[in-house]
Each structure stands twice: as C-alpha cells, then as structure tokens.
Amino acid sequence: MNTFDSMLEKAVVINSLRGEDIFGVIAELTEALIAEGRLAEAKRDEAKQAIVRREMSASTVMTDEIALPHGRTDVVDELVCAIGISKEGFNADAPDGVPTRVVILMLVPPSAGSGYTTFLGSISRTLMDDAKRAALIEAADRESVLTLLRG
C-alpha cells in the first residue's frame with residue numbers, strides 16, 4: 001500500500017462539519033482525532049496550536065471550497081489526517097470569496113520527510129476536479145469519501 005492509500009485508510013472523516021470558521025473547524029477535527037484514538041487527549045492544545053500557528057503565518061484556505069490546515073509537531077509519531085466536509089460551507093476568507101466545504105487537516109511529525117507534501121499534492125489534484133469535489137461534498141459516509149479521494 002502506498003503512502004497516499006495508507007494515509008487515507010487511517011484518516012478520520014466527518015461528513016457534517018459544524019464549525020463556522022477555520023479555527024472552529026480545526027478544533028472540531030482535532031476533537032475527532034482524539035475521539036478516534038489518533039491523537040492523545042493530553043496533546044490536544046499542542047496539536048491545535050501547531051496548526052493555528054501555521055494558519056496564522058500563511059493561510060491554508062484555498063480557492064474552490066478547499067482548506068488544507070496542517071502543522072508540524074512532535075505530538076504525533078506519524079502523519080495524522082482528518083477530513084471534514086461542510087455541506088453548507090463556512091466563511092474562511094477564501095481568496096475567491098467562496099465558502100469552504102472541504103477541509104483536509106494534517107498533523108506532521110518533525111521527522112516526516114516529503115511524504116506529507118506528496119499526500120497534499122495528490123489530494124489537491126483530486127479536489128481541483130469540480131465533479132469529484134461536488135461528489136465528495138455530497139458523500140454520505142466515510143467509505144464514499146475515501147473511494148472518491150482514491151480516484
């Protein structure tokens with residue numbers, strides 16, 4: 001199994017984000033990682049701070065309804081990913097002014113090489129396809145989301 005498939009297999013998926021801004025969504029996805037045992041509860045604040053620090057230095061909100069918040073931190077030993085879908089979208093001050101609907105959150109250990117950039121590149125290419133992104137937003141469950149992202 002390649003790194004991309006391995007990351008997707010371990011990903012936590014929320015099909016109905018409730019956050020109203022990027023920071024609320026970061027908190028929501030972090031809580032989902034804790035609930036699924038992918039992040040230790042004691043590391044919650046440190047993980048969120050790493051992502052928020054990165055977000056404050058350069059926004060990861062993109063055009064086409066996409067955000068890719070991530071942070072490098074030693075609270076994880078391997079790449080950790082949470083995928084969130086907001087059916088209605090939320091205001092994240094996207095460059096194109098369009099509400100954000102698809103969020104891919106990643107925690108990256110300091111020891112990670114280029115694996116996470118390869119993962120981000122692969123997932124970004126998939127998300128740039130309008131039809132695939134629309135289907136992803138309408139996906140009803142985790143397996144549907146992962147199938148669409150795998151292509």
Side-chain angles (χ1 to χ4, degrees), residues 1-15 17 19 21-34 36-39 43-44 46-87 89-139 142-151:
M1 184 179 295
N2 66 34
T3 302
F4 183 74
D5 289 337
S6 175
M7 281 290 298
L8 284 180
E9 192 57 39
K10 297 176 187 175
V12 172
V13 177
I14 296 180
N15 285 69
L17 288 172
D21 62 24
I22 192 66
F23 301 107
V25 168
I26 289 169
E28 187 175 350
L29 290 172
T30 302
E31 291 303 318
L33 289 171
I34 293 167
E36 293 293 322
R38 302 288 293 131
L39 176 66
K43 302 294 184 177
R44 169 191 289 117
E46 208 174 330
K48 283 195 299 192
Q49 287 171 6
I51 297 167
V52 168
R53 249 191 328 271
R54 169 63 176 87
E55 196 64 34
M56 297 301 288
S57 71
S59 177
T60 60
V61 177
M62 303 169 56
T63 59
D64 299 318
E65 308 173 303
I66 303 165
L68 304 169
H70 57 280
R72 194 172 284 273
T73 176
D74 61 4
V75 302
V76 293
D77 296 327
E78 63 180 352
L79 296 168
V80 174
C81 177
I83 300 166
I85 309 293
S86 173
K87 305 292 186 196
F90 60 92
N91 181 5
D93 295 323
D96 59 2
V98 174
T100 299
R101 295 173 190 261
V102 180
V103 181
I104 311 295
L105 179 139
M106 289 181 54
L107 292 170
V108 183
S111 61
S114 61
Y116 86 98
T117 56
T118 302
F119 177 80
L120 280 174
S122 296
I123 211 156
S124 295
R125 280 188 295 283
T126 301
L127 294 175
M128 291 300 179
D129 180 306
D130 292 340
K132 286 183 182 177
R133 191 175 58 256
L136 189 68
I137 292 166
E138 296 304 318
R142 179 181 188 275
E143 280 311 310
S144 299
V145 167
L146 297 183
T147 298
L148 286 161
L149 289 174
R150 286 184 189 112

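Side-chain contact between L29 and V103 is present, with heavy atoms from C-beta onward closer than 4.5 Å. Looking at I34 and R44, their side chains come closer than 4.5 Å, going by heavy atoms from C-beta outward. Counting heavy atoms from C-beta outward, K43 and E46 have side chains that approach closer than 4.5 Å. K132 has its side chain out of reach of L127: every pair of non-hydrogen atoms, C-beta onward, lies at least 4.5 Å apart. Between I14 and I85, the closest side-chain pair of non-hydrogen atoms is not below 4.5 Å. Taking 4.5 Å as the limit, some side-chain heavy atom of V52 sits within range of a side-chain heavy atom of F23. Side-chain contact between S86 and T100 is absent, with no heavy-atom pair separated by less than 4.5 Å.
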Inset, instruction - Could you check L105 against I83 for side chain to side chain contact (heavy atoms under 4.5 Å, CB included), going step by step and ending with a plain yes or no? - result: CA-CA 6 Å; L105 179 139; I83 300 166; over 6 Å; no
Working note: R133 + I66, criterion side chain to side chain contact (heavy atoms under 4.5 Å, CB included); need CA distance, chi angles, decisive distance, verdict.
CA-CA 9 Å; R133 191 175 58 256; I66 303 165; 4.0 Å; yes
What verdict does the side chain to side chain contact (heavy atoms under 4.5 Å, CB included) test give for E65 and I137, after you've listed the backbone C-alpha separation in whole Å, the side-chain angles of each residue and the deciding distance to 0.1 Å? CA-CA 10 Å; E65 308 173 303; I137 292 166; 3.6 Å; yes
Pair L39-L107, side chain to side chain contact (heavy atoms under 4.5 Å, CB included): steps then yes or no = CA-CA 9 Å; L39 176 66; L107 292 170; 4.1 Å; yes
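Smallest separation of non-hydrogen atoms from M62 and A94: O-CB, 3.6 Å. For the residue pair H70 and T60, the shortest heavy atom distance occurs at CE1-CG2, 3.8 Å. L33 approaches C81 most closely through the heavy-atom pair CD2-O, 3.7 Å. The shortest heavy-atom contact between L120 and S124 is O-OG, 2.7 Å. The nearest pair of heavy atoms linking F90 to I22 is CE1-N, 3.7 Å. The two residues S144 and A139 have their closest heavy-atom pair at CB-CB, 3.9 Å.
If you take CE on M128 and OG1 on T126, they are separated by 10.5 Å, rounding to the nearest 0.5 Å. Annotation: the span from I104 atom CD1 to F119 atom CZ amounts to 6.5 Å, rounded to 0.5 Å. To the nearest 0.5 Å, the span separating CG on L146 from NZ on K10 amounts to 13.5 Å. We find the OG-CD distance between S57 and E55 to be 8.0 Å, quoted to the nearest 0.5 Å. We find the CE-CD distance between M7 and E78 to be 8.0 Å, quoted to the nearest 0.5 Å. Separating the OG1 atom in T73 from the CD1 atom in I51 is a distance of 8.5 Å, to the nearest 0.5 Å.
Looking only at distances, no side-chain donor or acceptor of R142 sits under 3.5 Å from a matching main-chain atom of V13. Using a distance-only test at 3.5 Å, with no hydrogens or angles considered, no donor-acceptor pair links the side chain of R72 to the main chain of V108. Within the 3.5 Å criterion, the main-chain N or O of G71 finds no donor-acceptor partner in the side chain of R54. Without hydrogens or angle criteria, N15 side chain to G84 main chain gives no donor-acceptor distance under 3.5 Å.
Comment: K87 does not engage E138 in a salt bridge, judged by the lack of any side-chain N to carboxylate O separation of less than 4.0 angstrom. The residues R150 and E9 are annotated as salt-bridged, a charged nitrogen and a carboxylate oxygen being separated by less than 4.0 angstrom.
For the pairing with V102, the side chain to side chain contact (heavy atoms under 4.5 Å, CB included) check across L136, L68, L17 returns one residue only, L136.
Atom CG of D77 has 12 or fewer heavy atoms from other residues, nucleotides or ligands within 6.0 Å.
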